[in-house]
Amino acid sequence: MTYSSRSVQRSIGVGLAFADEERVAPHLTSGALVRVLEDWCPPFPGFFLYYPSQRQLRPALSALIDTLRFRAEKKMTPG
């Protein structure tokens with residue numbers, strides 16, 4: 001999403017940022033940031049990870065995959 005910061009607007013005139021909604025959620029709630037250009041920003045479904053389907057994945061890649069799956073499942077769990 002693209003956002004406009006009211007504090008930036010007050011200090012220098014205009015400011016725009018393209019940021020992950022999770023990172024700016026508190027600022028949106030407080031009113032420090034406002035959404036702009038929503039029609040031009042399609043929803044972001046998330047990242048896709050492509051990796052070779054080998055029986056023996058490297059431990060680091062396996063840990064990354066497990067972490068990403070955990071975070072994705074945690075987001076989908078209500079509450």
Side-chain angles (χ1 to χ4, degrees):
M1 289 282 177
T2 305
Y3 303 94
S4 173
S5 170
R6 288 183 184 160
S7 60
V8 171
Q9 289 175 358
R10 277 187 237 127
S11 63
I12 62 170
V14 175
L16 292 175
F18 189 78
D20 180 27
E21 193 162 351
E22 279 185 24
R23 289 182 180 235
V24 296
H27 304 289
L28 289 169
T29 303
S30 72
L33 292 177
V34 293
R35 286 188 175 100
V36 296
L37 303 173
E38 277 193 83
D39 293 341
W40 296 92
C41 296
F44 179 66
F47 291 103
F48 294 93
L49 179 64
Y50 296 96
Y51 56 93
S53 58
Q54 299 174 350
R55 288 182 174 220
Q56 297 295 327
L57 290 177
R58 293 182 181 238
L61 179 57
S62 181
L64 173 67
I65 293 167
D66 291 342
T67 301
L68 294 174
R69 282 185 181 151
F70 174 78
R71 291 189 72 194
E73 290 169 2
K74 187 176 172 184
K75 271 186 171 180
M76 292 180 164
T77 306

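These values consider heavy atoms only, across backbone and side chains, with no hydrogens, waters or symmetry-generated copies. One is the number of the first residue; the rest follow in order along the sequence.
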TODO: Output all residues satisfying side-chain contact (heavy atoms from CB on, under 4.5 Å) with L68, sequence neighbours left out; order by chain, then residue number.
DONE: L49, L64
- [ ] Using the rule that two of Ile, Leu, Val, Met, Phe, Trp, Tyr join whenever any of their side-chain heavy atoms come within less than 4.5 Å, decide whether V36 and W40 are in one cluster.
- [x] yes
Open item on the list: My understanding is that a hydrophobic cluster links ILVMFWY residues whose side chain heavy atoms are under 4.5 Å apart, including indirect links. Using that, what else belongs to the cluster containing F48?
Closed with: Y50
